[in-house]
Amino acid sequence: MTEVDLSIEQRNAVDLCCDLSTTIASVTGGAGVGKTLVMGEVYKELRDMKKTVALCAPTGRAAKRIQELTGITAKT
């Protein structure tokens, strides 16, 4: 996969989500700020750490969009 340039805020979000001492992390923001990009990077980093990862979305449309943008299957 290609290397992704993340903003400082996005890198901090990825780091927080991949911190295994953090029980819950929430990534929020308006349209186009990179939430799905962050999700894809979190997925890759956790898989590299040999963790089992499942992506979930509240609607079928959201799951389809995640899959379109990341290439990673998401379920509702």
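Just so it is clear, the values below take in all heavy atoms, side chains as well, and ignore hydrogens, waters and symmetry mates. Nothing here was measured: the structure is a model prediction, and the numbers come from that model.
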Q. Can you name the residues that form a side chain to side chain contact (heavy atoms under 4.5 Å, CB included) with Asp5, not counting sequence neighbours?
A. none
(Q) Nearest 0.5 Å, please: how far is CE in Met39 from CG in Leu69? (A) 9.5 Å
Q: Using a 4.5 Å cut-off on heavy atoms from C-beta on, say whether the side chain of Lys64 contacts that of Gln67.
A: no
Q. Going by the salt bridge (Lys or Arg N to Asp or Glu O under 4.0 Å) test, which pairs reach into residues 24-40, not counting sequence neighbours?
A. none
Q: Output all residues satisfying side chain to side chain contact (heavy atoms under 4.5 Å, CB included) with Ser7, sequence neighbours left out; order by chain, then residue number.
A: Glu9, Gln10
Tabulate below the donor-acceptor pairs under 3.5 Å that side-chain atoms of residues 50-61 make, not counting sequence neighbours, or state none.
unit_1, atom_1, unit_2, atom_2, d
Thr59, OG1, Ala62, N, 3.0

Q. What heavy-atom pair brings Thr70 and Gly40 nearest, and what distance separates the two atoms?
A. CG2-CA, 4.1 Å
Q) Can you list the residues that meet the side chain to side chain contact (heavy atoms under 4.5 Å, CB included) rule with Glu45, with sequence neighbours excluded? A) Arg11, Val14, Cys18
Q. From Leu37 CG over to Leu6 CG, what is the distance, rounded to the nearest 0.5 angstrom?
A. 5.5 Å
Q. How would you list all residue pairs meeting salt bridge (Lys or Arg N to Asp or Glu O under 4.0 Å) that involve residues 66-76, not counting sequence neighbours?
A. Arg65-Glu68
Q. Nearest 0.5 Å, what's the CG-CD1 distance between Asp15 and Ile8?
A. 12.0 Å
Q. Would Val4 and Ile66 show up in the same hydrophobic cluster when neighbours are defined by side-chain heavy atoms closer than 4.5 Å?
A. yes
Q: List the steps and the verdict of side-chain contact (heavy atoms from CB on, under 4.5 Å) for Leu46 and Leu20.
A: CA-CA 9 Å; Leu46 290 174; Leu20 300 181; 4.1 Å; yes
Q) What heavy-atom pair brings Cys17 and Val27 nearest, and what distance separates the two atoms? A) SG-CG2, 3.7 Å
